[in-house]
Asks: 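My structure is below; once you've seen it, I'll send some questions.
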Amino acid sequence: MIVAKRPLVGVICCTRIPEDPAQAVAERYLRAAPFMDADVVLVPSMSDIIDIPSVVGRLDGFLLTGSPSNVAPHRYRSMEDGTGPFDPARDETAMRLLESAAEKDRPVFGICRGFQEIAVAYGATLRPDLGESDREQIHHTPAGLPMEEMFALQHSVALSPGGILERAMGAPSIVVTSAHFQGIAEMSRNLVVEATSMDGIVEGIRPASGERVFAVQWHPEWRIADNADSQRLFAWLGLLMRGASFEEAAVRVARRSVQDSAPD
């Protein structure tokens, strides 16, 4: 019997439990697998013992997840101490993974911290103040709230006119789930803006150089079964892992959305 091969996506882990380090990832990211029509494998943030180019060569794509930790300031040339917690092992693994994925043309989808890692890898800098309550638009609820309340914060983002994300979503804007203290401070010429919040914060990016890498600052994995826009993002990654270009994947995702919404 011939079994059709499903793509295998590597999901980066974080280092948790300092007194007895463990590699872990929140299950909500893994539950996006059916919308990619893919299988998942965890990639530990242990670049001291794994050969990242070898791992990248064996997998079809990668998901850089959100995390309680922040990218260390020295990664984006800041002399400030920054606000922790930090996970230097994840920083190192993510940067090496992105370098190798670009060399081997493997697609990467970054979410929240993953967005920030991609931004930093392509030359942007970060800011830590997007959860402050006196902002015109906050991007994170006060620290310490239960998960359900933290992820209840939503706002709209404008999709760049003519951009690939706008084509995939089939709309000029969407409503997203927001939970991030950090975001881009100084944009890099190596990146293209694909989405922006109403207060001007960059929310979606891809490399200007054409790698099949894209990232969003929001959380499409949260309650994905109830959100068609989020499902489209993961379907997009699934198509990229099957060899589609950015443009081909966007057209196919948009076409599928139109078909799904057509009356019976």
Side-chain angles (χ1 to χ4, degrees), residues 6-7 9 28-29 31-38 60-66 106-112 114-115 118-119 137 139 151-180 183-184 187 191-264:
R6 297 209 305 177
V9 57
R28 64 181 186 272
Y29 295 99
R31 295 193 182 281
F35 301 98
M36 296 181 275
D37 191 22
D60 299 298
F62 294 88
L63 179 63
L64 302 183
T65 68
R106 295 296 192 271
V108 182
F109 180 20
I111 295 172
C112 198
F115 169 100
I118 289 170
Q137 176 177 304
H139 293 258
F151 282 101
L153 179 63
Q154 295 185 321
H155 63 73
S156 62
V157 296
L159 307 181
S160 298
I164 293 177
L165 189 53
E166 184 199 44
R167 278 178 270 168
M169 296 294 103
S173 66
I174 58 174
V175 175
V176 302
T177 297
S178 183
H180 62 103
I184 289 179
M187 189 60 176
L191 293 168
V192 174
V193 176
E194 287 284 343
T196 311
S197 62
M198 298 309 162
D199 59 344
I201 299 299
V202 175
E203 296 266 358
I205 53 174
R206 62 179 173 86
S209 48
E211 290 93 348
R212 292 184 301 155
V213 174
F214 68 108
V216 298
Q217 185 62 85
W218 64 88
H219 282 271
E221 86 289 351
W222 182 255
R223 298 194 180 282
I224 185 174
D226 302 324
N227 191 308
D229 290 331
S230 295
Q231 293 169 21
R232 292 181 190 112
L233 287 171
F234 285 98
W236 193 5
L237 178 59
L239 292 170
L240 293 175
M241 289 192 292
R242 289 170 167 80
S245 69
F246 258 148
E247 291 76 8
E248 291 168 338
V251 168
R252 290 171 65 181
V253 167
R255 185 182 301 138
R256 183 184 306 173
S257 300
V258 171
Q259 292 171 345
D260 291 345
S261 62
D264 294 334

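What you see below is based on every heavy atom in this structure, not just the backbone, and it leaves out hydrogens, waters and symmetry mates.
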Asks: Taking the side chain as every heavy atom from C-beta outward, state whether Ile201 and Gln217 have any atom pair closer than 4.5 Å.
Replies: no
Asks: Applying the ring-ring contact (aromatic ring centres under 6.0 Å, His included) test to Phe109, which of Phe35, Phe234, Phe62 qualifies?
Replies: Phe234
Asks: Once you round to the nearest 0.5 Å, how far does OH of Tyr29 lie from CH2 of Trp222?
Replies: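 Atom-to-atom, Tyr29:OH and Trp222:CH2 are 10.0 Å apart.
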Asks: What heavy-atom pair brings Ser160 and Ala195 nearest, and what distance separates the two atoms?
Replies: OG-N, 3.9 Å
Asks: In Å and rounded to the nearest 0.5 Å, what is the CG to NE2 distance from Asn227 to His219?
Replies: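 The CG atom of Asn227 sits 13.5 Å away from the NE2 atom of His219.
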Asks: Could you grab the distance from atom CG of Leu159 to atom CD of Glu194, nearest 0.5 Å is fine?
Replies: 8.5 Å
Asks: Report the distance from atom SG of Cys112 to atom CG of Leu64, rounding to the nearest 0.5 Å.
Replies: 12.0 Å
Asks: Please check if the side chain of Glu247 supplies one atom and the backbone of Ile164 the other of a donor-acceptor pair under 3.5 Å.
Replies: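 No; zero donor-acceptor contacts below 3.5 Å.
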Asks: Quick one: does Arg252's side chain have a donor or acceptor within less than 3.5 Å of a partner on Leu239's backbone?
Replies: no
Asks: Run the side chain to side chain contact (heavy atoms under 4.5 Å, CB included) check on Leu233 and Trp218 step by step: do they pass?
Replies: CA-CA 12 Å; Leu233 287 171; Trp218 64 88; 3.9 Å; yes
Asks: Please assess Phe246 against Arg206 for the test side chain to side chain contact (heavy atoms under 4.5 Å, CB included), listing each intermediate value before the final yes or no.
Replies: CA-CA 10 Å; Phe246 258 148; Arg206 62 179 173 86; 4.1 Å; yes
Asks: Please examine the side chains of Ile118 and Phe214, heavy atoms only from C-beta on, and report whether any two atoms are closer than 4.5 Å.
Replies: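 Phe214 vs Ile118: side chains apart.
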Asks: Test of understanding: with salt bridge (Lys or Arg N to Asp or Glu O under 4.0 Å), list the residues that count as partners of Asp199, not counting sequence neighbours.
Replies: Arg135
Asks: Please find out if less than 6.0 Å separates the ring center of His155 from that of His139.
Replies: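 Yes: the rings meet the under 6.0 Å criterion.
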Asks: Give the minimum heavy-atom separation between Glu221 and Ile111, together with the two atoms involved.
Replies: OE1-CG2, 3.7 Å
Asks: Could you state the interatomic distance from CG (Leu191) to CD1 (Ile184), rounded to the nearest 0.5 Å?
Replies: 6.0 Å
Asks: List the atom of Gly162, the atom of Glu166, and the distance in Å for their closest heavy-atom pair.
Replies: N-OE1, 2.7 Å
Asks: Before you tell me yes or no, could you show the steps for Arg232 and Met169 under side chain to side chain contact (heavy atoms under 4.5 Å, CB included), namely the whole-Å CA-CA distance, both residues' side-chain angles and the distance that decides it to 0.1 Å?
Replies: CA-CA 7 Å; Arg232 292 181 190 112; Met169 296 294 103; 3.4 Å; yes
Asks: Quick check against the 3.5 Å criterion: does Gln231 have a side-chain atom that pairs as donor or acceptor with the backbone of Ile224?
Replies: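 Yes, because the side chain of Gln231 sits within donor-acceptor range (under 3.5 Å) of the backbone of Ile224.
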Asks: Can you measure from CZ (Arg223) to CZ (Phe151) and round to the nearest 0.5 angstrom?
Replies: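 Answer rounded to 0.5 Å: 10.5 Å.
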Asks: Identify the heavy atoms of Trp236 and Ala249 that sit nearest to each other, and give their distance.
Replies: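 Where Trp236 meets Ala249 most closely, the heavy atoms are CD1-CB, 3.0 Å.
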Asks: Of all residues at least two apart in sequence or in a different chain, which pass the salt bridge (Lys or Arg N to Asp or Glu O under 4.0 Å) check with Arg167?
Replies: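 Not a single residue meets the salt bridge (Lys or Arg N to Asp or Glu O under 4.0 Å) criterion with Arg167.
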Asks: Give a yes or no answer on whether the side chain of Glu203 reaches the backbone of Val157 with a donor-acceptor pair at less than 3.5 Å.
Replies: no
Asks: Before giving the answer on side chain to side chain contact (heavy atoms under 4.5 Å, CB included), spell out for Leu237 and Met241 the whole-Å C-alpha distance, their side-chain angles and the decisive distance to 0.1 Å.
Replies: CA-CA 6 Å; Leu237 178 59; Met241 289 192 292; 4.2 Å; yes
